[in-house]
Amino acid sequence: MANPKVNRLPTRLSALFFTEIFCNFVNKARTSLDIDNDEIIISCFIASRNMKSVLNNRDEAKIYGYEENALPESERIGVSVKDIVSNLHIPRETVRRKLVSLVEKKIIIKASSGYILPPQLGEADLTSELRDLVVGSFNEFMDRVDKVNKIR
């Protein structure tokens, strides 16, 4: 019989921590931003696509990865309805309705290039609450990772 302590990973515990944090994030987003589950995933998808250059470019990450500077709207990658439908597998009409709702709530805006996040500096920054939720959830997850590592 193999030694149970060798090469064991706490996968169940890690999955439980992630699931709990993810559910907490979704519930906080739903209540504080008054958006539903589809709107949460759509807005997160748009954010990740808009800011992809910041993730993939070290120089841009240094400039735009902090609160002091926001990636200019002109440099954000617009997201189309087709892109959302094909990547998230949400019906086209549902995506259209949810995009209208997100625009009305000022969580996203419609630009000529597609859907993007609104301006993210000063009083025009309407996504700071969503970022705060994401960062809080990420920090909570990292705390849990530390606990998992201490158990090992």
Closest approach of V103 to K110 (non-hydrogen atoms, all atoms of both residues)
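Heavy atoms only, the tightest pair is CG2-N, 4.3 Å.
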Might you point out which heavy atoms bring S137 and I21 nearest each other, and give the distance in Å?
O-CG2, 3.4 Å
Report all side-chain donor-acceptor pairs from residues 91-100 shorter than 3.5 Å, counting only partners two or more places apart or in another chain.
residue : atom : partner : partner atom : Å
T94     : OG1  : R97     : NH2          : 3.4
K98     : NZ   : D36     : OD2          : 2.3

Hey, does the side chain of [X] reach the backbone of [Y] with a donor-acceptor pair shorter than 3.5 angstrom?
{"X": "R144", "Y": "L13", "value": "no"}
{"X": "R49", "Y": "I77", "value": "no"}
{"X": "K105", "Y": "D34", "value": "yes"}
{"X": "N87", "Y": "D83", "value": "yes"}

Residues two or more places apart in sequence or in another chain: which of them pass side-chain contact (heavy atoms from CB on, under 4.5 Å) with A47?
L117
Side chain to side chain, L71 and N50, heavy atoms closer than 4.5 Å
no
Are any of the side-chain heavy atoms of V135 and D132 separated by less than 4.5 Å?
no
Shared hydrophobic cluster for L33 and F45 (ILVMFWY, side-chain gaps under 4.5 Å)
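Same cluster: L33 reaches F45 through Ile, Leu, Val, Met, Phe, Trp or Tyr contacts under 4.5 Å.
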Do we see a donor-acceptor contact under 3.5 Å between the side chains of S53 and E75?
no
